Number of protein chains: 2
Amino acid sequence: MSDSDKQTEEKIFDAATEVFTEKGLDGARMQDIADQAGINKSLLHYYYRTKDRLFNAVFEKIAANMFSKFAPVFDENLSLEDKIRFFYREHISFLQRNPRLPAFLLNEINRNPERLRKIIATLDIEKFWDMLCAQNGKELEEYNITREKIPQIMTTIAAISVFPFAARGIFESLFKKIGIDFDTYLEERKEFAADFVIKAIKSKV
Amino acid sequence: MSDSDKQTEEKIFDAATEVFTEKGLDGARMQDIADQAGINKSLLHYYYRTKDRLFNAVFEKIAANMFSKFAPVFDENLSLEDKIRFFYREHISFLQRNPRLPAFLLNEINRNPERLRKIIATLDIEKFWDMLCAQNGKELEEYNITREKIPQIMTTIAAISVFPFAARGIFESLFKKIGIDFDTYLEERKEFAADFVIKAIKSKV
DNA sequence: CATATTTTTGACCAATTGGTTAAACCATTT
DNA sequence: AAATGGTTTAACCAATTGGTCAAAAATATG
């Protein structure tokens with residue numbers, strides 16, 4: 001593969017990423033992607049045989065990228081509380097740089113859940129729980145966080161950072177009405193989210 | 001408007017609701033809707049001139065319905081804690097009966113934020129805050145919930161109930177891997193969500 | 001019953017879509 | 001410089017799409 005090959009293939013991939021994340025699989029036109037990449041439409045088919053293959057390439061990279069952002073928090077040797085703070089700072093910052101990813105992924109996964117299977121198959125969920133127990137077992141015990149509660153807690157933690165981006169269109173409209181800036185809201189959310197979760201977990205009321 | 005009119009128009013509307021919520025505006029075909037309604041495709045255009053008008057009719061009804069589900073909690077004369085419990089029981093139950101609404105709305109709003117404007121314009125957000133202050137002012141003060149914190153808290157409360165439905169495709173796949181039933185998870189979530197939020201709000205740590 | 005009006009249908013259309021193909025282009029090698 | 005190989009393009013195609021239209025069927029009106 002020559003240098004110009006890689007350039008063209010990358011140009012196509014980047015253009016496809018932009019168009020697909022903005023318009024979705026159904027809404028995106030091959031011609032749009034070709035225009036965005038500044039090339040002929042036939043070249044798309046030369047490098048990626050069909051629209052579906054091109055989409056899958058984009059989808060898989062984005063999905064893998066998204067999930068990988070959850071991982072580092074399990075590696076760092078921090079207290080449970082610091083892990084949560086670390087997660088929200090990093091994760092919301094990542095989403096600020098890629099604000100359209102949540103809506104794109106959620107929509108396409110609901111449209112075709114099958115696509116996610118191969119990515120999830122590569123994840124070892126139990127391992128994450130084991131790592132967490134090894135590093136923060138005492139805290140988990142102290143706060144009475146059992147294995148059964150993990151799905152509720154984890155989905156709640158994810159919801160708090162991801163949902164504002166998925167529902168950005170709604171929130172932005174609502175906020176504008178009461179004079180609140182969405183970007184300011186996001187900045188504040190990094191700390192608010194961590195405080196909120198930590199208080200909920202630690203509280204024994 | 002005769003009786004059979006209403007039947008046909010309603011049949012079309014219901015069919016359109018089903019097809020649009022499942023496939024989205026771009027993915028839905030007028031022929032699909034006609035088939036679903038058991039009528040000729042031309043009839044769609046007879047009652048709703050264009051695909052876009054038909055979609056708008058469906059979208060507006062769903063959006064209004066969705067937002068209206070947030071309102072009752074402000075009317076009931078309950079303590080803040082009971083309001084939160086009431087909300088999650090009612091809201092998650094509503095979403096269990098209409099599981100595809102969140103993903104549909106979030107996607108279409110992000111695809112075309114303009115569509116939401118006219119619905120949001122009809123909402124008086126300040127009124128909700130005033131009602132809340134009038135009914136639960138003392139509790140808000142006690143828990144140090146100020147006007148500036150409201151957006152963070154409200155979006156968090158919504159995220160916790162809506163996100164699992166928006167991300168259903170992801171969660172269901174993940175849960176299956178560790179042997180958890182999604183419907184059971186949802187049932188448990190009504191109480192978990194309320195407990196979680198109440199603990200976070202009440203905690204003074 | 002005959003007429004007028006509304007509802008429903010099937011045939012049709014122009015535009016768009018993803019995809020194909022053969023030829024042109026370009027860099028390398030011989 | 002001629003041949004070779006991969007790369008890029010323009011022209012084209014079959015299928016699908018939202019939408020139209022005139023006629024038929026059903027219903028209401030006199």
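Below, each value reflects all heavy atoms present in this structure, side chains not excepted, and no hydrogens, waters or symmetry copies. Below, chains carry the letters A, B, ... as their sequence lines are ordered, and counting in each starts from 1. Because the structure is a prediction, the values reported are computed rather than measured.
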Trainee: Can you check whether any acceptor in the base of C:dG10 is under 3.5 Å from a donor in the side chain of B:Ser42, or vice versa?
Mentor: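 When only heavy-atom distances are counted, B:Ser42 does reach the base of C:dG10 through a donor-acceptor pair under 3.5 Å.
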Trainee: Using whole Å, report how far CG of B:Leu43 lies from P of D:dA25.
Mentor: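 It works out to 15 Å between those atoms.
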Trainee: Measure the distance from NZ on B:Lys51 to C1' on C:dA15 and round it to the nearest whole Å.
Mentor: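 Atom-to-atom, B:Lys51 to C:dA15, this comes out as 14 Å.
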Trainee: For A:Gln96 and A:Glu187, which I'm curious about, is there any donor-acceptor pair between the side chains at under 3.5 Å?
Mentor: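 Result is yes, a qualifying pair exists.
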Trainee: Do you know which two heavy atoms are closest between A:Tyr88 and A:Val197, and how far apart they sit?
Mentor: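 Closest heavy-atom pair between A:Tyr88 and A:Val197: OH-CG2, 3.5 Å.
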Trainee: Ignoring hydrogens and angles, state whether a donor on the side chain of A:Thr50 or A:Asp52 is under 3.5 Å from an acceptor on the partner side chain.
Mentor: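 There is no such pair between these side chains.
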Trainee: Identify each donor-acceptor pair in which a side-chain atom of residues 28-37 of chain B lies under 3.5 Å from a protein atom, sequence neighbours left out, and give them as a table.
Mentor:
{"unit_1": "B:Arg29", "atom_1": "NH2", "unit_2": "B:Asp26", "atom_2": "O", "d": "2.9"}
{"unit_1": "B:Gln31", "atom_1": "NE2", "unit_2": "B:Asp35", "atom_2": "OD1", "d": "3.0"}

Trainee: Measure the distance from CG on B:Asp32 to C1' on D:dT17 and round it to the nearest whole Å.
Mentor: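 So the CG-C1' distance, B:Asp32 to D:dT17, works out to 11 Å.
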Trainee: Ignoring backbone atoms, establish whether B:Tyr46 has a side-chain N or O less than 4.0 Å from OP1 or OP2 of D:dC21.
Mentor: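 Looking at the OP1 and OP2 atoms of D:dC21, neither is under 4.0 Å from any side-chain N or O of B:Tyr46.
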Trainee: Looking only at side-chain atoms of A:His45, point me to the closest of C:dT8, C:dT21, C:dG19.
Mentor: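 So the nucleotide nearest the side chain must be C:dG19.
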Trainee: Please report, rounded to the nearest Å, how far the P atom of C:dG18 is from the CZ atom of A:Arg53.
Mentor: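 These atoms are roughly 17 Å apart.
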Trainee: What parts of residues 14-31 of chain B reach DNA chain C, counting only heavy atoms under 4.0 Å away?
Mentor: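 Within this stretch, nothing sits under 4.0 Å of the strand.
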Trainee: Could you state the CZ-P distance from B:Arg49 to D:dG19, rounded to the nearest angstrom?
Mentor: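 From B:Arg49 CZ to D:dG19 P: 9 Å.
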Trainee: We want to know whether A:Ser203 and A:Tyr143 form a side-chain donor-acceptor pair, criterion being a heavy-atom distance below 3.5 angstrom.
Mentor: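 Not at all, the side chains of A:Ser203 and A:Tyr143 share no donor-acceptor pair under 3.5 Å.
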Trainee: To the nearest Å, give me how far apart CZ (A:Phe55) and P (C:dG18) are.
Mentor: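 Taking atom P of C:dG18 as the reference, CZ of A:Phe55 is at 13 Å.
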Trainee: Rounded to whole Å, how long is the line connecting atom CD of A:Glu9 with atom C1' of D:dG6?
Mentor: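 Taking CD of A:Glu9 and C1' of D:dG6, I get 13 Å after rounding.
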Trainee: Between C1' on D:dT16 and CG on B:Asp35, what's the gap in Å once rounded to a whole number?
Mentor: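 Atom CG in B:Asp35 sits about 14 Å away from atom C1' in D:dT16.
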Trainee: As a test of reading the structure: which of D:dT9, D:dT8, D:dT20 is closest to the side chain of A:Ile39, going by heavy atoms?
Mentor: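 Ranking D:dT9, D:dT8, D:dT20 by closest atom to the A:Ile39 side chain puts D:dT9 first.
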Trainee: Within the pair B:Asn40 and C:dT8, is there a side-chain N or O less than 4.0 Å away from OP1 or OP2?
Mentor: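 Negative; the distance criterion is not met.
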Trainee: Relative to the ring of A:His91, is the ring of A:Phe70 parallel (under 30°), tilted (30 to 60°) or perpendicular (over 60°)?
Mentor: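 Ring orientation, 0 to 90° scale: tilted.
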Trainee: What side-chain donor-acceptor pairs closer than 3.5 Å can you find for residues 163-179 of chain A, not counting sequence neighbours?
Mentor:
{"unit_1": "A:Ser173", "atom_1": "OG", "unit_2": "A:Gly169", "atom_2": "O", "d": "3.1"}
{"unit_1": "A:Lys177", "atom_1": "NZ", "unit_2": "B:Ile120", "atom_2": "O", "d": "2.9"}
{"unit_1": "A:Lys177", "atom_1": "NZ", "unit_2": "B:Ala121", "atom_2": "O", "d": "3.4"}
{"unit_1": "A:Lys177", "atom_1": "NZ", "unit_2": "B:Leu123", "atom_2": "O", "d": "2.2"}

Trainee: Which residue, B:Lys41 or B:Gly38, contacts DNA chain C at a nucleotide closer to its 5' end, judged by nearest heavy atom?
Mentor: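 By nearest-heavy-atom nucleotide position, the 5'-most residue is B:Gly38.
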Trainee: May I ask you to verify if any side-chain N or O of B:Thr8 is less than 4.0 angstrom from the OP1 or OP2 atom of C:dT8?
Mentor: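 Answer yes for this pair, as a side-chain N or O of B:Thr8 is under 4.0 Å from OP1 or OP2.
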